[in-house]
Amino acid sequence: MNLRNVAIIAHVDHGKTTLVDQLFRQSGTFRDNQRVEERAMDSNDLEKERGITILAKPTSVEWEGTRINIVDTPGHADFGGEVERILSMVDGVILLVDSSEGAMPQTKFVTGKALKLGLRPIVVVNKIDRPDERIQEVLDEVFDLFVSLDATDEQLDFPVLYASGRNGYANEDPSLREGTLKPLFQKIVDHVPPPKVEVEGTPFTFLVTLLDRDNFLGRILTGRVNSGVVKVNQPIHAIDMDGKVIETGRASKIMSFRGLDRVPVDEARAGDIISLAGLTVATVSNTIADTSVTEAIQAQPIDPPTLSMRFAVNDSPMAGREGSKVTSRMIRDRLEREAESNVAIKVTESEDRDSFEVAGRGELQLGVLIETMRREGFELGISRPRVLFRTDENGQKTEPYETVVIDVDDEYSGTVVDKMNQRKGEMTDMRPSGGGKTRITFSAPSRGLIGYHGEFLSDTRGTGIMNRLFEKYGPHKGNIEGRKNGVLISNGNGEAQSYALGPLEERGILFVGHGEALYEGMIVGENAKTDDLEVNPMKAKQLTNFRASGGKDDAVRLTPPKKMTLEQAIAYIDDDEMVEVTPTKIRLRKRHLDPHERKRASRAKQAA
């Protein structure tokens, strides 16, 4: 059968997964009367809730005698490790761009990786039915982007289709607003080359790019067959990047992708994307091959992490009440499993063996990992994110910088520029983007952007859009001012009382409501002033035999407390604070719960 391997790449929210839905429907993968969830490829619970793709996932459709293996990829740069690996599995890419937003930072990131590998793109301008579409300008932006990424003449001569993924049509004429996706299928078959592989007379080789687990089959390795043929129960071995054999076994199960399902097959030939079971140690970037092969396939290098957080055992007075997995051994095993399947994450154990330094690409990637762990029953103490510094060849300290593209209403642009300047960001471009909006581009140190997103949404009344992308390691920018407000800290253990919380509202914003369990050192609110304040939120009204003179007591009316999401809490905390994460609660606390220890740590920090 004819075969094509293609990846769909785009900026977040430009419609990749919705387009794959329509490709399924129009290729006959689903029956006409079959009920299928929207964005069928987003199978993970967090993906459905957030409406974003987190994991790269292969699928397959058949069209007029050609099988097309499609890999749906994440758009967020935080999950770029997924995209970098899977590009070695495909022979072409479909670059999807929004007809209004155009080429965004993450588009640049993934496209740069694809062009470097020599893949020829098909450009699809999606959402052409938007009222604010600017198709021709967007095409010019894409061309300029390709030129800036040193695309070859062949890559610059890209075919263009104009589509609406949601409505299921694509055309070469931008004025048409009807039809089917037949032109897209045809372009894939005509423009994407079939896999250049040797089938006959060569031993089986296969590079692992994705790792998965199954309760019945164990470890499942996914990738593209590089050469030869593999059959069920064939003896195979796994080789690491240095050519050392790390495991020998048999291909107990071979599965090929058919729509949303993995279907068992008896054999797989070179060029096909398959999943393989039977090995217990082999992992991502290992070569699985016939036992006669001794040379490993070279894997794509992965960009290093830029941000790290401390994952510690939960040592608060409420530890173990809400979660079932609380020991350091359980946390270590879970983090090691994650680092094995996600090559963009690095885990190192601390000297006291009670905490782990987890390094990744960004706050969102680590936030998704923490959210997944708490749903599995883990309790954790999480520190403030910190950037990973380096030293250049001249011995100078360097730090990661990000390209920040901000779309805001014109009236808020001054506030945004001022706030970014305070965070040591340098404006590199500012232009009107139509509809009373301005697009501003900054080069800013990652350190200054930690915790800014929530403030940015408040400043722009929730209308601003911010996109970030790792840019480079540059000179250290010196001290950047952190959170301006102090916090209100509980001075004892007990339950919060309305009688005590009422007067505390005048001091700042409360994070807890009446009846919530508190402990000493827990953060119960934000102080309106810059210093921290210890308070007693558990004080109840003294009961007496005397009636109130007015005939009734004045009831305390409290403002609903401010409840933070996991990402907001991580971005909010300071260096001496932590987030206590359990399956049911997110609490803020000081690292040292005892006030005397806090003072000692503060004095030691000042002396240093």
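When a residue number appears, it is its place in the shown sequence, counting from 1.
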Review point. What heavy-atom pair brings Ile586 and Met564 nearest, and what distance separates the two atoms?
Key: CD1-O, 4.3 Å
Point to revise | Distance (rounded to the nearest 0.5 Å) between Ser490 OG and Ile523 CD1 | key: 11.0 Å
Point to revise | Side-chain donor or acceptor of Asp594 paired with backbone N/O of His596 under 3.5 Å | key: yes
Practice item. Using side chain to side chain contact (heavy atoms under 4.5 Å, CB included) as the criterion, list what pairs up with Asp418, not counting sequence neighbours. Key: Gln422
Practice item. Could you grab the distance from atom NZ of Lys437 to atom OH of Tyr412, nearest 0.5 Å is fine? Key: 9.5 Å
Point to revise | Main-chain N/O of Glu577 paired with Arg384 side-chain donor or acceptor, under 3.5 Å | key: no
Practice item. Supply the atom-to-atom distance Phe389 CZ to Lys397 NZ, rounded to the nearest 0.5 angstrom. Key: 4.5 Å
Check your understanding: To the nearest 0.5 Å, what is the distance between CG (Leu566) and CG (Leu366)?
Key -> 10.5 Å
**Study point:** Set of side-chain hydrogen bond (donor to acceptor under 3.5 Å, both in side chains) partners for Thr222, sequence neighbours left out
**Key:** Ser275
Exercise for review: Carefully, step by step, assess Lys424 and Glu399 under the rule salt bridge (Lys or Arg N to Asp or Glu O under 4.0 Å).
Suggested key: CA-CA 12 Å; Lys424 304 284 175 83; Glu399 64 177 321; over 6 Å; no
Study note, to complete from the structure: Tightest non-hydrogen contact, residues Ser100 and Asp132, listed as OG-OD2, 3.1 Å
Review point. Which is it for Asp409 and Arg461 under the salt bridge (Lys or Arg N to Asp or Glu O under 4.0 Å) test, yes or no, and what are the steps along the way?
Key: CA-CA 10 Å; Asp409 293 341; Arg461 307 291 184 273; over 6 Å; no
Point to revise | Ion pair Glu349/Arg332, N-O distance below 4.0 Å | key: yes
Point to revise | side chain to side chain contact (heavy atoms under 4.5 Å, CB included) involving Glu376 - partner list, sequence neighbours excluded | key: Lys325, Arg334, Thr372, Phe378
Point to revise | Under the side-chain hydrogen bond (donor to acceptor under 3.5 Å, both in side chains) test, residues paired with Arg591 that sit two or more places apart | key: none
Review point. Who are the side-chain hydrogen bond (donor to acceptor under 3.5 Å, both in side chains) partners of Glu534, not counting sequence neighbours?
Key: Arg598
Review point. What is the distance from atom OG1 of Thr438 to atom CD1 of Ile406, rounded to the nearest 0.5 Å?
Key: 11.5 Å
Exercise for review: Sorted by first residue and then second, give each salt bridge (charged side-chain N to carboxylate O under 4.0 Å, His left out) pair with at least one member in residues 512-526; sequence neighbours left out.
Suggested key: Glu516-Lys563
**Study point:** Residues which pass side-chain hydrogen bond (donor to acceptor under 3.5 Å, both in side chains) with Asp576, listed by chain and number, not counting sequence neighbours
**Key:** Lys590
Check your understanding: Do the side chain of Thr403 and the main chain of Glu471 share a donor and acceptor less than 3.5 angstrom apart?
Key -> no
Practice item. Inspect the surroundings of NZ in Lys585 and state if more than 12 heavy atoms from other residues, nucleotides or ligands are less than 6.0 Å away. Key: no
Review point. If you look at every heavy atom in Ser413 and Ile440, which pair is closest and at what distance?
Key: CB-CD1, 3.9 Å
**Study point:** Within 6.0 angstrom of Lys477 NZ, more than 12 heavy atoms from elsewhere
**Key:** yes
Check your understanding: Are any side-chain N or O atoms of Ser498 and backbone N or O atoms of His514, one a donor and one an acceptor, separated by less than 3.5 Å?
Key -> no
Check your understanding: If every non-hydrogen atom of Val512 is compared with every non-hydrogen atom of Leu501, which pair is closest and at what distance?
Key -> O-CD1, 4.1 Å
Check your understanding: Is the closest basic N to carboxylate O distance between Glu455 and Arg423 below 4.0 Å?
Key -> yes
Point to revise | Check: Asn527 main-chain N/O paired with Asn485 side-chain donor or acceptor under 3.5 Å | key: yes
Practice item. Compare all side-chain heavy atoms of Met427 with those of Val417 and state whether any distance is below 4.5 angstrom. Key: yes
Check your understanding: Would Arg329 and Asp333 pass as an ion pair if we require N to O under 4.0 Å?
Key -> yes
Review point. Could you give all pairs that pass the salt bridge (charged side-chain N to carboxylate O under 4.0 Å, His left out) test and reach residues 495-512, with sequence neighbours left out?
Key: none
Review point. Which is it for Ser443 and Glu426 under the side chain to side chain donor-acceptor pair (under 3.5 Å) test, yes or no, and what are the steps along the way?
Key: CA-CA 5 Å; Ser443 174; Glu426 290 177 17; 5.9 Å; no
Review point. Any side-chain heavy atom of Met466 sitting closer than 4.5 Å to one from Val416?
Key: no
Exercise for review: Only counting residues at least two apart or in another chain, list the ones meeting salt bridge (charged side-chain N to carboxylate O under 4.0 Å, His left out) with Asp410.
Suggested key: none
Exercise for review: Indicate yes or no for a side-chain donor-acceptor contact from Arg587 to the backbone of Thr582 under 3.5 Å, with no hydrogens or angles considered.
Suggested key: no
Show me the donor-acceptor pairs within less than 3.5 Å that the side chains of residues 306-315 make with the rest of the protein, sequence neighbours left out.
residue, atom, partner, partner atom, Å
Thr306, OG1, Arg361, O, 3.4
Ser308, OG, Glu357, OE2, 2.9
Arg310, NE, Ser355, OG, 3.3
Asn314, OD1, Ser316, N, 3.3
Asn314, ND2, Glu379, OE1, 2.9
Asn314, ND2, Glu580, OE2, 3.2
Asp315, OD1, Arg589, NH1, 2.6
Asp315, OD1, Arg589, NH2, 3.3

Revision key, fill the gap. Note: Pro305 and Leu388 closest approach over all heavy atoms is O-CD1, 3.7 Å
Practice item. Enter the distance from Met538:CE to Tyr499:OH here, rounded to the nearest 0.5 Å. Key: 15.0 Å
Point to revise | Smallest separation among heavy atoms of Val524 and Pro537, with atom names | key: CG1-CG, 4.2 Å
Study note, to complete from the structure: residues 556-582 vs ring pair (Phe, Tyr, Trp, His ring centres under 6.0 Å), sequence neighbours excluded, gives Phe511-Tyr572
Review point. In chain order, what residues pass the salt bridge (charged side-chain N to carboxylate O under 4.0 Å, His left out) check against Asp392, with sequence neighbours excluded?
Key: none
